[in-house]
2 protein chains.
Amino acid sequence: MKTTPPSSSIEDYVKVIYSFTEWQDKPITSTQLAARLGVANSSVSEMVRKLKDQDLVEHEPYSPIRLTAAGLTLALSMVRRHRLLETYLVRELGYTWDEVHEEAELLEHAVSETFIERMSAKLGNPTRDPHGDPIPDAGGHITMAPSHRLDELDPGHRGRVSRISDHDPELLRYLEQHGIGVDTELQVVGRRPFGGTLVIARLPSPGAPSRTDDAGHLDLGDEAAVSLWLATVGTHPGCTVQEPAGGTLMHPHATGV
Amino acid sequence: MKTTPPSSSIEDYVKVIYSFTEWQDKPITSTQLAARLGVANSSVSEMVRKLKDQDLVEHEPYSPIRLTAAGLTLALSMVRRHRLLETYLVRELGYTWDEVHEEAELLEHAVSETFIERMSAKLGNPTRDPHGDPIPDAGGHITMAPSHRLDELDPGHRGRVSRISDHDPELLRYLEQHGIGVDTELQVVGRRPFGGTLVIARLPSPGAPSRTDDAGHLDLGDEAAVSLWLATVGTHPGCTVQEPAGGTLMHPHATGV
DNA sequence: ACTATTATTTCGGTATACCTAAATTTTTGG
DNA sequence: CCAAAAATTTAGGTATACCGAAATAATAGT
């Protein structure tokens, strides 16, 4: 019984397939997958065949790609690794918000299951990473408050920032400069007729030091708006939204002790 | 100007070539290198050609392999990574002595220069790892007390354990069980006529809790004896023994900011 | 409904890093 | 000093994960 551990390429493919469906539910296509991985379409076709052979995805030629239960388990394990690493780098090694993504991207393939669990314990088993993304527990369960993407909300809507996509460090620095982070309260003030630019107001946050431009208006472009999620004010976290096949989420790297 | 970063294989080769000469000075041969890397001799021949093309080693066919200045710089960077990681895992994540080697082996290829330096700073820029091995500083300089391998010392010799090879976790656990660690004081009591088995005595150590078997005798086999180094009692650390080509030791992974 | 465009897969090729087996060089012992 | 043994290299082959170009399938516009 010789089960080869998944290569880091395979881990990346599965993770990207998963994240595509994390905040909406259309399955990913070859071309989208290729774009997100930064590889040629032909590479994706080949690799998807391999993923299918290993029963990590379902795929019929010329149709989109969906994770199997096994694929979802692996993906959640990778997401857990990534987000715990990001949290750790920020809390223990003084990384900033915008630096962590790249480092976590490399480390997630190298660390052992032991490392992950010791790290999680040391952090107090957090359920959110520094960008507000939910961290699956060791069993692959995710708990999170319901939230909506900023560009989908109507003007007038108020809420607390629940997550900020970590894919654009530039944007993260911009938001930080303007005092917007996880838990900042915002209100959607209006929307431009064309170009979809959003105008939002930042409300003075309860605990935070007050800033001269608090409650000022801020113009956000499209890229920014699709990167911010708001939770309804007063919403309490606690609903399980996703979990893997069953049993404990054990990364296949784990040595079977 | 496109300098490819060294692959993790290349990093491993260079590190092993370096460590072979760390405690004696005969250069390593193909076969020894193959054995330590766990690969076939033919793989080494091929790879050594590649290392030579990249000016990391000097090598004439059928003769031993020596690092160039560039190779030494890379090797010291890898050794620094490995030993800082080991120290970190023990001090910050509760790893035991015998668990760290494997984990560090994987991580050393994945972490960024930034990660290494933040980790080092957090640890207070240590100069010794948990096994007593010297950690090169960011410039590749090593400071260490002179010490000798236990099997090279005459009976009667007394000293403080300055390092213990980390290659055999089994041995580390055995030594730990018998209260021997870095800084334990030992005396060489005698040597068996054949088989080279050493008999040593553990002297009560100043700070350590006294144990019922302190000052008792302990039989060490050959493998153990060649894994333990003793520093002369009263020796103070501080001599620079090795340094790279010149300038700051910058891992080639580092992004040139 | 049929063609033009776009999406996807297939096909030959590349680079890395291994392997075994065969050839070659070096070393060693009588 | 010369043959047998040991060390090392070369030759041919494998697996992974990419690529660009060509072929094929799906979709969209008129």
Side-chain angles (χ1 to χ4, degrees), chain A residues 2-17 20 26-67 71 74-75 78 105-106 108-110 252-253, chain B residues 2-17 20 26-67 71 74-75 78 105-106 108-110 252-253:
Chain A
K2 142 145 293 193
T3 318
T4 323
S7 69
S8 54
S9 287
I10 285 183
E11 291 175 345
D12 278 337
Y13 275 77
V14 163
K15 196 183 58 165
V16 170
I17 296 168
F20 190 82
K26 280 186 294 297
I28 198 167
T29 65
S30 272
T31 306
Q32 289 167 322
L33 187 45
R36 293 189 170 219
L37 286 163
V39 301
N41 283 351
S42 53
S43 306
V44 168
S45 289
E46 242 182 37
M47 209 58 176
V48 165
R49 193 179 329 125
K50 199 168 298 179
L51 294 182
K52 198 187 171 184
D53 288 347
Q54 297 183 23
D55 194 43
L56 293 168
V57 301
E58 293 166 9
H59 182 237
E60 295 313 314
Y62 298 98
S63 43
I65 300 139
R66 255 175 270 263
L67 291 176
L74 176 58
M78 294 315 296
E105 203 69 26
L106 290 172
E108 64 192 11
H109 304 296
H253 274 162
Chain B
K2 140 146 296 194
T3 318
T4 321
S7 70
S8 54
S9 287
I10 285 183
E11 291 175 344
D12 278 337
Y13 276 77
V14 163
K15 197 183 57 166
V16 169
I17 296 167
F20 189 82
K26 279 186 294 298
I28 197 168
T29 66
S30 273
T31 304
Q32 289 167 323
L33 187 45
R36 293 189 171 218
L37 286 163
V39 301
N41 282 351
S42 54
S43 306
V44 169
S45 289
E46 245 180 33
M47 208 57 176
V48 165
R49 193 180 327 127
K50 200 167 298 178
L51 294 183
K52 198 186 171 184
D53 287 349
Q54 296 184 22
D55 195 42
L56 294 168
V57 301
E58 293 167 7
H59 181 238
E60 295 313 316
Y62 298 99
S63 41
I65 301 138
R66 255 174 272 263
L67 292 175
L74 177 58
M78 295 314 297
E105 203 69 27
L106 290 172
E108 65 191 12
H109 304 295
H253 275 160

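Basis for what follows: all heavy atoms, side chains included, without hydrogens, waters or symmetry-related copies. Residue numbering restarts at 1 for every chain, and letters A, B, ... go by the order of the sequence lines. This is a predicted model, so every value here is computed, not measured.
Residue pairs meeting the salt bridge (charged side-chain N to carboxylate O under 4.0 Å, His left out) criterion with at least one member in residues 39-63 of chain B, sequence neighbours excluded: B:Lys52-B:Glu60.
Protein atom CD1 of A:Ile65 is 14 Å distant from nucleotide atom P of C:dA7, rounded to whole Å. For the pair B:Glu60 CD and C:dT26 C1', the computed distance is 15 Å after rounding to whole Å. Protein atom NE2 of A:His109 is 11 Å distant from nucleotide atom P of D:dA17, rounded to whole Å. Straight-line distance from the CG atom of A:Asp12 to the C1' atom of D:dA17: 12 Å, rounded to whole Å. Going from atom OH of A:Tyr13 over to atom P of D:dT16 covers 14 Å, rounded to whole Å.
The line from NZ of B:Lys15 to NE2 of B:His109 is 5.5 Å long, rounded to the nearest 0.5 Å. Atom CG of residue A:Asp12 and atom CZ of residue A:Arg36 lie 13.5 Å apart, to the nearest 0.5 angstrom. Atom OG1 of A:Thr4 sits about 7.5 Å away from atom CD of A:Gln54, to the nearest 0.5 Å. In this structure, OG on A:Ser8 lies 8.5 Å from CE on A:Met78, to the nearest 0.5 angstrom. For the atom pair B:Tyr13 OH and B:Ile28 CD1, the distance stands at 11.0 Å (nearest 0.5 Å). Taking CG from B:Leu56 and CG from B:Leu67, the interatomic distance works out to 8.0 Å, rounded to the nearest 0.5 Å.
Of the candidates A:Val39, A:Thr31, A:Thr29, A:Val39 is the only one forming a side-chain contact (heavy atoms from CB on, under 4.5 Å) with A:Val44.
Contacts of A:Ser42 with the nucleic acid, taken as non-hydrogen atoms under 4.0 Å apart, include base atoms.
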Note to self: Please encode protein proximity along nucleotides 22-29 of chain D as a string of B, S and -, counting only heavy-atom distances under 4.0 Å.
What the structure shows: --BSS---
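Partners of A:Ala40 under the side-chain contact (heavy atoms from CB on, under 4.5 Å) rule, at least two apart in sequence or in another chain, are A:Ser42, A:Ser43. Under the side-chain contact (heavy atoms from CB on, under 4.5 Å) criterion, A:Pro27 pairs with A:Pro64, A:Arg66, sequence neighbours left out.
Two residues are said to be in side-chain contact when any heavy atoms from C-beta on lie closer than 4.5 Å; A:Ile65 and A:Leu51 fail this criterion.
For DNA chain C, the neighbouring residues in residues 26-40 of chain A, judged by any heavy atom under 4.0 Å, are A:Thr29, A:Ser30, A:Thr31. Within residues 44-59 of chain B, the residues having any heavy atom closer than 4.0 Å to DNA chain D are, in order of number, B:Ser45, B:Glu46, B:Arg49, B:His59.
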